Each structure stands twice: as structure tokens, then as C-alpha cells.
Participant: 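I am attaching a structure below and will ask some questions about it afterwards.
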Amino acid sequence: MTSSVTRLDTAARTSSRAAPALRHDWTRADVLGLYNLPFMDLLFRAQTVHRASFDPNKVQKSRLLSIKTGGCAEDCGYCSQSAHHKTGLKASKLMEVERVIAEAKKAKAQGATRYCMGAAWRSPKARDMDTVVAMVEGVKALGMETCMTLGMLSDDDIVKLRDAGLDYYNHNIDTSEAYYEKIITTRTYADRLETLARVRESGIKVCSGGIVGMGEGREDRADMLMTLANLDVHPESVPINMLVAIPGTPLEHAERIDPIDFVRTIAVARIMMPKAFVRLSAGRTEMSDETQALCFFAGANSIFVGDTLLTADNPGDDKDSRLFAKLGLEALELDRDPSPHREPGTSAGLQDARQS
Ligand code: SAM
Ligand code: DTB
Ligand code: SF4
């Protein structure tokens, strides 16, 4: 899409400053110090960090598909798909591989470079793995990046997904460790971190973030970002979701987060994890163009495109095209370099470890 915005050349829009060193030793006080900066100072700092590693006018586009919807045994308080809540969602079986590939083809034609497949599972069953592997292989063959989010994974599952060529695994920590038990009781924070460690060890790229607007405080948001940034290696992708309040879930009436606080969360994530793609994820249908523009200025550089997320609505391509044109944003082309911004130690082989 051509835009009416006059472009600066690359040298003018990319900072000449060296990219900041990656830190993994954040304290809560450090993070709250960022959160509590005057808004203009916080945004200036986030945009400066962003420009040291990224083109500020490019946004990566991912498309989501729910490959297995509803009837989930977990009790995540935000989720439309939990069997513990009466949300009226119709459960369905695992989709057929051909249908998934047909949907991915459409998403590619609409400009998505990454296809993210999500299943309402606590963890995959062994009998489902062949189908899931075929989905990864089929979508990859289209020339798209692949991402899956299937719940907790065993070492065997991870090896199968890695060997199928899976690029990213999404597994969110959702919130702070302290607030977590108010939201989910059927699996622990430690379970989540364990799956993340296994994914990291396998060489599959890590996509992990959380949700804001679940009634948590600024300390919880700070702690969540601290947990992510203090992992041995930062996640390559950090989705920041604004709660989509689903009728029938315990969080149906959660107090909405102030949009400025949401933008602050994006900015702090950008500063703490300078090389990660920070995704402005769920909740965009409730955001004004201005809020989204501030999120991009604060360093968000990835979105979900299309008119649905997993079960909830998303703005859709017409709205997003208009927003991109207004802001002079362009879609980021697929980076053919398989390891663009990887930190040392990101691709230790699980297979190798298991063989020794
Ligand atoms: N069942 C798998 C799991 O939970 O690990 C994968 C799918 S799950 C829907 C993926 C993530 O989507 C959740 O961890 C949560 O962060 C996000 N999510 C789910 N429902 C949401 C909602 N109503 N609003 C915002 N984010 C949501
Ligand atoms: C993530 O962090 N957000 C996506 C993806 N990872 C799987 C999911 C958002 C779900 C929003 C609610 C729904 O569609 O049901
Ligand atoms: Fe199940 Fe995932 Fe929803 Fe939790 S977030 S209820 S694990 S589908």
C-alpha cells in the first residue's frame, strides 16, 4: 500500500547509536523506574532503543488460526475456550491439515508472513502430533514462518516440532508469578517456565508474553516483564495482549486498563528486550487509531492481521490498511536470514543433549 507520508531515507530514520547491551539482571525497582518515567521521556527512550535495531516504519504481520477450538480442561480465567466457563463457545475437533493449509494460503495472499496455529489443549496428545507436524510442514512449504501454541510440551513433542521445521513456539507466562494464581489454578507458573526452557533448548524461537488488563497492578506488569527479560535469552517475540473480556469468563467484568498504561507496558517491554519483536496482540478492536499509533511509537512492531484472533474479533485488513496508510507504516517482508537477532546460546540442540 502506498502512503501519502513522505519517507525519510534509512540513514535518517535509523539511529546512529549502537544497539544497547542486552540485560538479564533487571530488578523490580529498575522496571518500575521505567514505568514511572514521565510519559514523554519513556516514549522517547523506547523509540530511541527501537530505532537502534529496527526500521520504525515496518511492522511484521502474523495471522492466527484456531486449529482446535474449545472444551479445554484448563481454567484460565480470561479464556473463552475453557470448559470451566459458560461462554457459549462451540467446541470442535482438531482441524484437517488440508483446511489449515488452505487458510494459510489465504493469509499469505493477504500479506501475513507468519502463520500461528493455536489449540485449546493443556498439552498435545501423542495421537495428535502427526497431524500437527503435517500442518507445520505444509505451511512452511508455502514459504511462511510457522508458529504453534499447543500448551505444555514434552521433549518428544518438541523434537518432532523442531524436526518439522517449526520456527516459533508461543507459550505465554500471562502475568506476574504473584498474580498468576488469581487467574489460573490448573497449571503452575513453574510449568510454564519449564516448557519455555525446553523450547529454548531445542533451538525453536521463543514467543512469550502476557495479558494486561486482568485487574493486576503496575507491579505485576513490571514483574511479568522482568521474568521475560531475565530469562537466559530474551524471547524473540513478545506478545502483549490487552484482555478481551469474554462474557461468561471470571474476567468478564475486569476493569479496563487505561490506554496510556497499556502504551507504557509496550514501551517498557521494548526498552528491556531491545531486539525482540514486541507484538501488539489481542484487544486492538477496542483501541483507537491513536492508541495503536502510540503503541507503534513505543516500539511495538508486530500485529495479528485478519478479522479473527482465535475466537475473538480483530480489526481486519481494510481497517489495518487504512491505519498503515495514515501512519506511513509498511509490512515487514520475511527475513530470509534464519537467525537475525539471536543471542549467543540460542540454538543448543535438544537432540544432541538427548543423545549424549
Ligand atoms: N492452549 C494453549 C495455552 O494456553 O498455552 C494455547 C492457546 S492460548 C489461547 C494462548 C494465549 O492467548 C494465552 O496464554 C493468553 O495469553 C492469550 N489469550 C487467550 N485468551 C485471551 C483473551 N481473552 N484476551 C487476551 N489474551 C488472551
Ligand atoms: C498471544 O499472545 N495472543 C494470541 C496468540 N498468542 C495465540 C491469542 C489471543 C487470543 C485472544 C482471544 C481469542 O481469540 O479467543
Ligand atoms: Fe485452554 Fe489455552 Fe484457553 Fe487456558 S488459554 S483455557 S490452556 S485454550
Side-chain angles (χ1 to χ4, degrees), residues 62-85 87-92 94 114-125 128 132 146-153 157 168-175 179-180 183-189 191-196 199 206-216 224 228 235 237-252 254 256-257 262 269 276-287 300 302-315:
S62 295
R63 181 72 160 98
L64 264 173
L65 177 71
S66 179
I67 57 170
K68 196 271 163 212
T69 304
C72 184
E74 304 291 281
D75 69 351
C76 310
Y78 47 76
C79 188
S80 63
Q81 307 197 67
S82 166
H84 297 256
H85 321 316
T87 63
L89 186 76
K90 194 169 166 284
S92 63
L94 183 59
R114 188 177 310 157
Y115 206 60
C116 307
M117 295 158 269
W121 287 329
R122 173 180 168 82
S123 52
K125 303 259 184 312
D128 295 320
V132 161
T146 50
C147 178
M148 288 234 153
T149 180
L150 312 171
M152 294 185 284
L153 295 181
D157 297 333
Y168 289 82
Y169 194 75
N170 167 247
H171 198 64
N172 290 343
I173 58 170
D174 279 349
T175 186
Y179 200 66
Y180 183 88
I183 306 295
I184 299 141
T185 69
T186 49
R187 84 174 96 147
T188 65
Y189 211 65
D191 289 334
R192 298 219 178 212
L193 293 173
E194 203 178 296
T195 294
L196 286 177
V199 173
V206 171
C207 172
S208 188
I211 310 178
V212 293
M214 299 193 294
E216 76 287 342
M224 176 180 88
L228 293 170
S237 166
V238 179
I240 305 292
N241 297 276
M242 183 186 270
L243 176 73
V244 179
I246 311 269
T249 63
L251 293 176
E252 171 178 5
R256 289 176 52 80
I257 182 175
F262 185 81
F277 277 84
V278 175
R279 183 171 309 113
L280 172 56
S281 300
R284 289 198 302 119
T285 51
E286 298 295 315
M287 290 178 208
S302 172
I303 56 169
F304 287 120
V305 293
D307 54 12
T308 46
L309 293 164
L310 291 172
T311 68
D313 291 343
N314 199 45

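Atoms within each ligand, like the ligands themselves, are counted from 1 in listed order. Bear in mind the structure is a predicted one, so any value in this text is a computation, not a measurement.
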Participant: Can you tell which of Ile184, Thr249, Ile211 gets a heavy atom nearest to atom 17 (C) of ligand 1?
Facilitator: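 Considering heavy atoms of Ile184, Thr249, Ile211, the nearest to atom 17 (C) of ligand 1 sits in Ile211.
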Participant: Ignoring hydrogens, just give me the one of Thr149, Leu150, Asn241 whose non-hydrogen atom is nearest atom 7 (C) of ligand 1.
Facilitator: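 The residue whose heavy atom sits nearest atom 7 (C) of ligand 1 is Thr149.
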Participant: Out of curiosity, is Met242 lining ligand 1, as in a heavy atom under 4.0 Å away?
Facilitator: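 For ligand 1, residue contact (heavy atoms, under 4.0 Å) with Met242 is present.
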Participant: What do you reckon, does Gly118 put a non-hydrogen atom under 4.0 Å from ligand 1?
Facilitator: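 Judged by the 4.0 Å heavy-atom criterion, Gly118 does not count as contacting ligand 1.
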Participant: Going by side chain to side chain donor-acceptor pair (under 3.5 Å), name the residues that satisfy it together with Asp307, two or more places apart in sequence or in a different chain.
Facilitator: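 In terms of side chain to side chain donor-acceptor pair (under 3.5 Å), with neighbours along the sequence ignored, Asp307 is linked to no residue.
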Participant: For Asp157, what residues pass the salt bridge (Lys or Arg N to Asp or Glu O under 4.0 Å) criterion, not counting sequence neighbours?
Facilitator: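 Listed in chain order: nothing, the list is empty.
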Participant: Check ligand 2 for N or O atoms under 3.5 Å from a protein N or O and list each pair with its distance.
Facilitator:
| from | atom 1 | to | atom 2 | distance (Å) |
| --- | --- | --- | --- | --- |
| ligand 2 | 2 (O) | Asn172 | ND2 | 2.8 |
| ligand 2 | 2 (O) | Asn241 | ND2 | 2.8 |
| ligand 2 | 3 (N) | Asn241 | OD1 | 2.9 |
| ligand 2 | 6 (N) | Asn170 | OD1 | 3.2 |
| ligand 2 | 14 (O) | Leu310 | N | 2.9 |
| ligand 2 | 14 (O) | Thr311 | N | 2.8 |
| ligand 2 | 14 (O) | Ala312 | N | 2.9 |
| ligand 2 | 15 (O) | Thr311 | N | 3.2 |
| ligand 2 | 15 (O) | Thr311 | OG1 | 2.5 |

Participant: Please give me the minimum heavy-atom distance between Gly210 and Met224, naming the atom from each residue.
Facilitator: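 Minimum heavy-atom contact is CA-SD, 3.7 Å.
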Participant: Could you tell me whether ligand 1 has any atom less than 4.0 Å away from a heavy atom of Ala245?
Facilitator: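 Outside the 4.0 Å threshold, so no.
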Participant: For the residue pair Gly151 and Arg187, what are the closest heavy atoms and their distance?
Facilitator: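 Smallest interatomic distance, heavy atoms only, reads CA-NH1, 4.3 Å.
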Participant: Measure from atom 23 (N) of ligand 1 to every heavy atom in Ile183, Thr195, Leu153, Val244 and give the option owning the shortest one.
Facilitator: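 Checking each option, the heavy atom nearest atom 23 (N) of ligand 1 is found in Val244.
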Participant: Answer yes or no: is there an ion pair linking Asp174 with Arg192, defined by an N-O contact shorter than 4.0 Å?
Facilitator: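 A salt bridge is present here (some side-chain N lies under 4.0 Å from a carboxylate O).
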Participant: May I ask you to list the atoms of ligand 1 that are less than 4.0 angstrom from any heavy atom of Asp174?
Facilitator: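 Counting from 1, the qualifying ligand atoms are 13 (C), 14 (O), 15 (C), 16 (O).
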Participant: Using the side-chain contact (heavy atoms from CB on, under 4.5 Å) rule, pick out the option among Leu309, Thr308, Val244 that qualifies with Asn314.
Facilitator: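 Between Asn314 and the candidates, side-chain contact (heavy atoms from CB on, under 4.5 Å) is satisfied uniquely by Leu309.
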Participant: Which parts of the protein, at residue level, reach under 4.0 Å of ligand 3 through a heavy atom?
Facilitator: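 Within the 4.0 Å shell of ligand 3, which is judged on heavy atoms, sit Cys72, Glu74, Cys76, Tyr78, Cys79, Ser82, Ala120, Trp121, Arg187.
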Participant: Among the heavy atoms of Arg187, does any lie under 4.0 Å from an atom of ligand 1?
Facilitator: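 Yes.
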Participant: Below 4.0 angstrom from a heavy atom of Trp121, which ligand 1 atoms are there? Numbered from 1 as shown, please.
Facilitator: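 Numbered from 1, ligand 1 contributes 1 (N), 2 (C).
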